[in-house]
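Notes follow the structure.
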Amino acid sequence: MPTETPRPLRADALRNVEKIVRAARDVYAEQGPEAPLDEIARRAGVGIATLFRRFPDKAALLRAVMEQQFTQQVRPVIDHALDDEDPRRGLTAVIEAALTSAADEHHVLTAARNAGILTSEAGARFFDALDPLVTRGQQAGVIREDLVPDDLKRVMGMLVSVLWTMDPGDGGWRRYVTLVLDGLSPAAASPLPNPAPPLLPRHRP
(Lines give C-alpha, C1' and ligand atoms only; values in the text may rest on other atoms or scores of the structure.)
Protein backbone atom coordinates (compact mmCIF):
# COMPACT_ATOMS: atom_id res chain seq x y z
CA MET A 1 0.00 0.00 0.00
CA PRO A 2 1.61 3.32 -1.01
CA THR A 3 2.47 5.73 1.79
CA GLU A 4 1.47 9.36 1.59
CA THR A 5 4.36 11.73 1.04
CA PRO A 6 4.41 14.49 3.68
CA ARG A 7 3.47 17.84 2.20
CA PRO A 8 6.20 20.47 2.38
CA LEU A 9 5.59 23.28 4.84
CA ARG A 10 4.35 26.60 3.50
CA ALA A 11 6.80 29.48 3.71
CA ASP A 12 5.01 31.04 6.71
CA ALA A 13 4.88 27.69 8.53
CA LEU A 14 8.58 27.15 7.86
CA ARG A 15 9.36 30.60 9.25
CA ASN A 16 7.40 29.74 12.39
CA VAL A 17 9.40 26.53 12.83
CA GLU A 18 12.67 28.44 12.51
CA LYS A 19 11.50 31.13 14.95
CA ILE A 20 10.40 28.53 17.50
CA VAL A 21 13.67 26.59 17.33
CA ARG A 22 15.75 29.76 17.61
CA ALA A 23 13.63 30.99 20.51
CA ALA A 24 13.96 27.62 22.24
CA ARG A 25 17.76 27.84 22.11
CA ASP A 26 17.67 31.35 23.57
CA VAL A 27 15.17 30.54 26.33
CA TYR A 28 16.95 27.34 27.36
CA ALA A 29 20.22 29.28 27.55
CA GLU A 30 18.62 31.92 29.77
CA GLN A 31 16.25 29.88 31.95
CA GLY A 32 17.79 26.41 32.09
CA PRO A 33 16.57 22.93 31.16
CA GLU A 34 13.11 23.41 32.69
CA ALA A 35 12.30 26.39 30.45
CA PRO A 36 8.52 26.46 29.86
CA LEU A 37 7.13 25.96 26.38
CA ASP A 38 4.76 28.92 26.73
CA GLU A 39 7.74 31.23 27.20
CA ILE A 40 9.37 29.75 24.10
CA ALA A 41 6.17 30.39 22.13
CA ARG A 42 5.95 33.95 23.47
CA ARG A 43 9.59 34.65 22.55
CA ALA A 44 9.01 33.24 19.06
CA GLY A 45 5.98 35.49 18.60
CA VAL A 46 3.56 32.59 18.07
CA GLY A 47 0.71 31.11 20.06
CA ILE A 48 1.20 27.99 22.14
CA ALA A 49 -1.20 26.18 19.79
CA THR A 50 1.10 26.97 16.85
CA LEU A 51 4.07 25.59 18.78
CA PHE A 52 2.26 22.33 19.53
CA ARG A 53 1.06 22.08 15.93
CA ARG A 54 4.70 22.02 14.81
CA PHE A 55 6.13 20.20 17.84
CA PRO A 56 3.64 17.93 19.62
CA ASP A 57 5.79 17.65 22.75
CA LYS A 58 9.00 18.94 24.31
CA ALA A 59 10.99 15.95 23.02
CA ALA A 60 10.10 16.83 19.41
CA LEU A 61 11.20 20.42 19.94
CA LEU A 62 14.46 19.34 21.56
CA ARG A 63 15.21 17.04 18.63
CA ALA A 64 14.75 19.98 16.26
CA VAL A 65 17.00 22.16 18.42
CA MET A 66 19.75 19.52 18.48
CA GLU A 67 19.40 19.04 14.71
CA GLN A 68 19.91 22.77 14.18
CA GLN A 69 22.92 22.77 16.52
CA PHE A 70 24.47 19.89 14.59
CA THR A 71 23.79 21.47 11.20
CA GLN A 72 25.16 24.88 12.14
CA GLN A 73 28.01 24.07 14.53
CA VAL A 74 29.27 20.55 13.84
CA ARG A 75 28.46 19.56 10.26
CA PRO A 76 30.70 22.26 8.68
CA VAL A 77 33.64 21.09 10.84
CA ILE A 78 33.04 17.48 9.75
CA ASP A 79 33.05 18.51 6.09
CA HIS A 80 36.34 20.38 6.57
CA ALA A 81 37.87 17.49 8.54
CA LEU A 82 37.11 15.03 5.75
CA ASP A 83 39.29 17.17 3.47
CA ASP A 84 42.08 17.58 6.04
CA GLU A 85 45.22 15.68 5.05
CA ASP A 86 45.91 15.01 8.75
CA PRO A 87 43.17 12.59 9.96
CA ARG A 88 44.08 12.97 13.64
CA ARG A 89 43.80 16.75 13.39
CA GLY A 90 40.47 16.36 11.61
CA LEU A 91 39.12 13.97 14.26
CA THR A 92 40.31 16.30 17.02
CA ALA A 93 38.54 19.26 15.40
CA VAL A 94 35.26 17.34 15.11
CA ILE A 95 35.31 16.11 18.71
CA GLU A 96 36.13 19.63 19.94
CA ALA A 97 33.32 21.11 17.81
CA ALA A 98 30.83 18.64 19.27
CA LEU A 99 31.93 19.39 22.83
CA THR A 100 31.93 23.14 22.17
CA SER A 101 28.36 22.90 20.92
CA ALA A 102 27.35 20.83 23.93
CA ALA A 103 29.09 23.23 26.35
CA ASP A 104 27.61 26.34 24.73
CA GLU A 105 24.08 24.96 25.00
CA HIS A 106 24.41 22.57 27.91
CA HIS A 107 20.89 23.35 29.18
CA VAL A 108 19.51 21.90 25.94
CA LEU A 109 21.66 18.82 26.51
CA THR A 110 20.37 18.48 30.07
CA ALA A 111 16.76 18.90 28.92
CA ALA A 112 17.33 16.23 26.27
CA ARG A 113 18.81 13.88 28.86
CA ASN A 114 15.84 14.51 31.19
CA ALA A 115 13.45 13.80 28.31
CA GLY A 116 15.17 10.48 27.60
CA ILE A 117 16.22 11.35 24.04
CA LEU A 118 19.96 11.69 24.59
CA THR A 119 20.78 8.29 23.05
CA SER A 120 23.05 6.93 20.34
CA GLU A 121 20.13 7.25 17.93
CA ALA A 122 20.10 11.01 18.52
CA GLY A 123 23.78 11.15 17.57
CA ALA A 124 23.67 8.68 14.68
CA ARG A 125 24.59 11.28 12.03
CA PHE A 126 27.52 12.43 14.13
CA PHE A 127 28.91 8.95 14.67
CA ASP A 128 28.36 7.99 11.03
CA ALA A 129 30.51 10.99 10.09
CA LEU A 130 33.23 9.99 12.56
CA ASP A 131 33.67 6.50 11.09
CA PRO A 132 35.60 7.55 7.95
CA LEU A 133 37.79 9.89 10.01
CA VAL A 134 38.72 7.08 12.38
CA THR A 135 39.34 4.66 9.50
CA ARG A 136 41.65 7.17 7.80
CA GLY A 137 43.49 7.70 11.08
CA GLN A 138 43.93 3.96 11.58
CA GLN A 139 45.19 3.52 8.04
CA ALA A 140 47.66 6.37 8.59
CA GLY A 141 48.85 4.83 11.86
CA VAL A 142 47.78 7.75 14.06
CA ILE A 143 44.70 6.11 15.66
CA ARG A 144 44.99 2.77 17.44
CA GLU A 145 43.83 -0.12 15.27
CA ASP A 146 41.71 -1.80 17.95
CA LEU A 147 39.32 1.16 18.30
CA VAL A 148 35.81 0.13 17.16
CA PRO A 149 32.69 2.28 16.58
CA ASP A 150 31.06 1.32 19.89
CA ASP A 151 34.22 2.43 21.71
CA LEU A 152 33.88 5.88 20.19
CA LYS A 153 30.23 6.16 21.22
CA ARG A 154 31.19 5.43 24.81
CA VAL A 155 34.20 7.75 24.70
CA MET A 156 32.00 10.61 23.51
CA GLY A 157 29.48 9.75 26.21
CA MET A 158 32.22 10.03 28.82
CA LEU A 159 33.40 13.36 27.44
CA VAL A 160 29.87 14.78 27.42
CA SER A 161 29.33 13.60 31.00
CA VAL A 162 32.31 15.71 32.08
CA LEU A 163 30.24 18.82 31.33
CA TRP A 164 27.96 18.07 34.29
CA THR A 165 30.91 18.13 36.70
CA MET A 166 32.05 21.71 35.97
CA ASP A 167 31.03 25.06 34.62
CA PRO A 168 30.79 24.14 30.91
CA GLY A 169 31.65 27.68 29.88
CA ASP A 170 35.14 27.74 31.38
CA GLY A 171 36.64 25.35 28.82
CA GLY A 172 37.93 22.86 31.39
CA TRP A 173 36.51 20.00 29.31
CA ARG A 174 39.32 20.52 26.79
CA ARG A 175 41.71 18.92 29.29
CA TYR A 176 39.78 15.64 29.03
CA VAL A 177 39.55 15.79 25.25
CA THR A 178 43.36 15.89 25.17
CA LEU A 179 43.64 13.00 27.63
CA VAL A 180 41.21 10.90 25.59
CA LEU A 181 42.88 11.68 22.27
CA ASP A 182 46.23 10.68 23.71
CA GLY A 183 44.59 7.39 24.69
CA LEU A 184 43.52 6.85 21.07
CA SER A 185 47.08 7.14 19.84
CA PRO A 186 48.87 3.88 18.99
CA ALA A 187 52.07 5.15 20.61
CA ALA A 188 52.68 3.08 23.76
CA ALA A 189 49.10 1.71 23.59
CA SER A 190 48.43 -1.26 25.84
CA PRO A 191 46.42 -4.21 24.47
CA LEU A 192 42.74 -3.86 25.36
CA PRO A 193 41.71 -6.58 27.86
CA ASN A 194 38.21 -7.28 26.49
CA PRO A 195 36.22 -6.82 23.30
CA ALA A 196 33.80 -3.90 23.27
CA PRO A 197 30.61 -5.06 25.02
CA PRO A 198 27.33 -4.61 23.09
CA LEU A 199 25.42 -1.43 23.68
CA LEU A 200 22.29 -1.77 25.81
CA PRO A 201 19.07 -1.58 23.72
CA ARG A 202 18.18 2.05 24.63
CA HIS A 203 21.62 3.20 23.52
CA ARG A 204 21.71 1.47 20.12
CA PRO A 205 21.50 3.67 17.03
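Computed over heavy atoms, backbone and side chain alike; hydrogens, waters and symmetry mates excluded.
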Check against side chain to side chain contact (heavy atoms under 4.5 Å, CB included), Val177 and Glu96: CA-CA 7 Å; Val177 171; Glu96 288 184 343; 4.1 Å; yes
So, do [X] and [Y] sit near enough that their side-chain heavy atoms are less than 4.5 Å apart?
X: Val65; Y: Gln68; result: no
X: Ser185; Y: Val142; result: no
X: Phe70; Y: Ile78; result: yes
X: Gln138; Y: Pro87; result: no

Charged N to carboxylate O under 4.0 angstrom, [X] versus [Y]?
X: Asp182; Y: Arg175; answer: no
X: Arg42; Y: Asp38; answer: no
X: Glu30; Y: Arg43; answer: yes
X: Asp146; Y: Arg144; answer: yes

Neighbour count above 12 (heavy atom, 6.0 Å) for Glu85 CD: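 Result for CD/Glu85: open.
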Residues, nucleotides or ligands: over 12 heavy atoms within 6.0 Å of Glu67 CD: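 Correct, the count exceeds 12.
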Inter-residue atom distance [X].[atom1] - [Y].[atom2], 0.5 Å rounding:
X: Glu18; Y: Ile20; atom1: CD; atom2: CD1; answer: 10.5 Å
X: Asp57; Y: Leu37; atom1: CG; atom2: CG; answer: 9.0 Å
X: Glu105; Y: Gln73; atom1: CD; atom2: CD; answer: 5.5 Å
X: Leu133; Y: Leu91; atom1: CG; atom2: CG; answer: 6.0 Å
X: Leu181; Y: Leu159; atom1: CG; atom2: CG; answer: 8.0 Å
X: Ser101; Y: Met66; atom1: OG; atom2: CE; answer: 10.5 Å

Donor + acceptor pair across side chains of Trp173, Thr100 (<3.5 Å):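 Result is no, nothing qualifies.
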Any side-chain donor near an acceptor of the partner, Arg89 and Thr92, under 3.5 Å: no
Working for side chain to side chain contact (heavy atoms under 4.5 Å, CB included), residues Leu99 and Tyr176: CA-CA 11 Å; Leu99 267 292; Tyr176 302 97; over 6 Å; no
Using only atom types and a distance under 3.5 Å, with no angle test, would you say the side chain of [X] pairs donor to acceptor with the backbone of [Y]?
X: Thr135; Y: Pro132; result: no
X: Glu34; Y: Tyr28; result: no
X: Thr178; Y: Arg174; result: yes
X: His80; Y: Val77; result: no

For the student: nearest non-hydrogen atoms of Gly141 and Pro186, plus distance: O-CG, 3.2 Å
Over all atoms of both residues, closest heavy-atom pair of Ser161 and Met158: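 Smallest heavy-atom distance, with atoms named: OG-O, 2.6 Å.
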Met156/Phe127 under side chain to side chain contact (heavy atoms under 4.5 Å, CB included): CA gap, chis, key distance, verdict: CA-CA 10 Å; Met156 287 303 302; Phe127 290 114; 3.7 Å; yes
With sequence neighbours excluded, residues passing side chain to side chain contact (heavy atoms under 4.5 Å, CB included) with Asp170: Met166, Asp167
Intermediate values then yes/no, side chain to side chain contact (heavy atoms under 4.5 Å, CB included), Arg113 and Trp164: CA-CA 11 Å; Arg113 183 181 65 169; Trp164 285 295; 3.5 Å; yes
